[in-house]
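Read the structure below first, then the notes.
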There are 2 protein chains.
Amino acid sequence: MLAQIGRNVTARRTNSREKILAAAAEVSRESGAGNLSLDAVAQRAGVSKGGLLYNFPTKAKLMQALVQYYLDDYEVSMARETDPNSAMPKTALQAHIEFSREFCEKPPGAASGILAAMADDPHFLDPLCQFKRRLLDRLKSEARDPLRALMCFLVLEGMTSLDLFEMDVLSNEERELVLVRLAEEAEADKNHAAASA
Amino acid sequence: MLAQIGRNVTARRTNSREKILAAAAEVSRESGAGNLSLDAVAQRAGVSKGGLLYNFPTKAKLMQALVQYYLDDYEVSMARETDPNSAMPKTALQAHIEFSREFCEKPPGAASGILAAMADDPHFLDPLCQFKRRLLDRLKSEARDPLRALMCFLVLEGMTSLDLFEMDVLSNEERELVLVRLAEEAEADKNHAAASA
DNA sequence: TTTACTGTACCGTCTGGACGGTATTGTCAA
DNA sequence: TTGACAATACCGTCCAGACGGTACAGTAAA
């Protein structure tokens, strides 16, 4: 019977939530961040509108979850890459560079949810703002030269924002060139930190 | 005095158009980029809805004008600052830095219209995308080192995108530090170009 | 007379979300 | 073990209101 599949209640819900979140990002990308309707999301997610509202009681809750989803994803990656117990722990800057690369290589508009949230109410981006500030502080504190760290941060910020808007301004070669250059910078920082330790 | 200025028909219209464009940006900022309604814009601009639709027959036309308005502003500034006949002609990079500084110093969300256009339909940003690509090519061609130019471009892109989203990530000091650093870079480029000429 | 509007009334469509229902699973006393 | 009840995870329908856009009559300046 179906019962043999260990699909317990929680897993069911979690699955639905993720499906809905992914669907919301897709719809946002396709119909414009400001035209995200619950009906469209529900349909795309293969869920009824009632089911959608069950998981996210209001549209605002959905938007918040969309931002949080992105943040959690980052936080997990960052923790994993910089884990001092791992074989090759990275510095925060190295991890950030890697994450930015992945961000740009992801299917276009994977983070369109962020835009949808912003379109609805700019305050939904407040957690993202605080997150970025904390990240920047960490990058500055780990670097030889805080200004360089700041510049690196902004370069990546520029790159990812172009990507977020799906503005194909940079070629792949240009992107790669920049990432390699930043990686060198990060490597130098790392060696410096190791030497002075 | 003011009456002596022949406020002709065109000027009247132009005035209305600018008032509407400014109002649209304000409304976009206040109610979220995706919640820009024609009624709200008309009210804010002190224009009837009929008058709004007289100037911009459809919402799409308004959005396009919003983007074009920003682009024209930039183009005019750029032409003025880099005019070889002026006393102190700047390089494109120097002008771009200056423009980015002004962008960040403007009243918050002066360019929210861009976000509103994007929220409605991402394709409205196509002209902006092409514009950025042309700018980047110009910066690269004028610089000693194309990669450095690209990095400078991205730093400014990151700075202005944070500003566009009204994410107060950078302090004023940090912004100034970055701007000064970029200005030095641009100055070095300029001297190099002058020496090799 | 033309231009550049104002003001009002209206229409069709879409949207968030409230609501009532239902099937499945979990709990727990008898 | 079972039967009553409750919680979970949805489905499908409905509706008041908002929105973009149209139509049209009026007006004030050039």
Side-chain angles (χ1 to χ4, degrees), chain A residues 1-24 27-28 30-66 113 116-117 119-121 124, chain B residues 2-24 27-28 30-66 113 116-117 119-121 123-124:
Chain A
M1 257 283 265
L2 280 170
Q4 287 178 7
I5 304 168
R7 222 177 55 159
N8 63 18
V9 176
T10 330
R12 217 168 122 202
R13 175 165 189 169
T14 306
N15 257 328
S16 275
R17 280 180 67 96
E18 294 216 350
K19 258 171 30 186
I20 290 168
L21 259 10
V27 172
S28 162
E30 283 163 31
S31 21
N35 306 319
L36 187 96
S37 78
L38 297 186
D39 287 280
V41 172
Q43 199 175 0
R44 175 63 61 101
V47 172
S48 75
K49 197 174 171 184
L52 168 58
L53 265 331
Y54 177 79
N55 283 280
F56 304 97
T58 64
K59 196 181 186 184
K61 288 272 168 64
L62 174 61
M63 298 302 172
Q64 283 165 17
L66 237 21
D120 227 51
D121 182 348
F124 287 141
Chain B
L2 281 172
Q4 286 177 7
I5 302 170
R7 219 176 61 153
N8 61 19
V9 175
T10 329
R12 215 170 123 204
R13 177 167 187 166
T14 305
N15 257 330
S16 273
R17 280 179 68 96
E18 295 216 349
K19 259 171 29 185
I20 290 167
L21 258 10
V27 172
S28 161
E30 284 163 29
S31 19
N35 305 320
L36 187 95
S37 77
L38 297 185
D39 289 278
V41 172
Q43 198 175 0
R44 175 62 61 99
V47 172
S48 71
K49 195 177 172 182
L52 168 59
L53 288 167
Y54 181 79
N55 282 281
F56 303 97
T58 65
K59 195 181 186 184
K61 289 270 167 64
L62 174 61
M63 297 302 171
Q64 283 165 17
L66 237 22
D120 227 51
D121 183 348
H123 286 299
F124 287 140

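Order of the sequence lines sets the chain letters (A, B, ...), proteins ahead of strands, with each chain counted from 1.
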Using a cutoff of under 3.5 Å, can you pull out all pairs of nitrogen or oxygen atoms linking the protein to nucleotides 16-20 of chain D, with atom names and distances?
from	atom 1	to	atom 2	distance (Å)
dG20(D)	OP1	L36(B)	O	3.2
dG20(D)	OP1	K59(B)	NZ	2.7
dG20(D)	OP2	L38(B)	N	2.9
dG20(D)	N7	K49(B)	NZ	3.4

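Contact detail for L36(A) and A116(A): the closest heavy-atom pair is CD2-CB, 4.3 Å. Here the shortest heavy-atom pairing between A33(A) and A119(A) reads O-CB, 3.8 Å.
Atom CZ of R17(A) is separated from atom C1' of dT8(D) by 14 Å (rounded to the nearest Å). In this structure, NZ of K19(A) is placed 11 Å from C1' of dC10(D), rounded to the nearest angstrom. Atom CD1 of I20(B) is separated from atom C1' of dT6(C) by 13 Å (rounded to the nearest Å). Q43(A) places its CD atom 14 Å from the C1' atom of dT15(C), with the value rounded to the nearest Å. Rounding to whole angstrom units, NZ of residue K61(B) and P of dG21(D) are separated by 10 Å.
Neither OP1 nor OP2 of dG17(C) sits under 4.0 Å from any side-chain N or O of T58(A). When the side-chain nitrogen and oxygen atoms of Y54(A) are compared with OP1 and OP2 of dC10(D), none of them lie within a distance under 4.0 Å. One finds a side-chain N or O of N55(B) lying less than 4.0 angstrom from the OP1 or OP2 phosphate oxygen of dC5(C).
A heavy-atom distance below 4.5 Å is not found between the side chains of D39(A) and Q43(A). Contact of the D120(A) side chain with the K59(A) side chain is registered, since non-hydrogen atoms from C-beta on lie closer than 4.5 Å. Annotation: side chain of F56(B) is not in contact with side chain of Q64(B) (no heavy-atom distance under 4.5 Å). Inter-residue side-chain proximity for V27(A) and N35(A) is flagged as unmet; no heavy-atom pair is nearer than 4.5 Å.
Separating the CD1 atom in I20(B) from the CG atom in L52(B) is a distance of 5.0 Å, to the nearest 0.5 Å. Taken from NZ in K61(B) to CG in N55(B), the straight-line distance is 12.5 Å, to the nearest 0.5 Å. Between atom OG of residue S37(A) and atom NZ of residue K49(A) there is a gap of 8.0 Å, rounded to the nearest 0.5 Å.
Residue L52(A) is classed as having no contact, given no heavy-atom separation below 4.0 Å to the nucleic acid.
Five base pairs at each end of the helix from dT1(C)-dA30(D) to dA30(C)-dT1(D) define two local axes, and these are offset by 20° (rounded to 10°).
Listed candidates were dG7(C), dC11(D), dG17(C). Nearest to the side chain of S48(B) is dG7(C).
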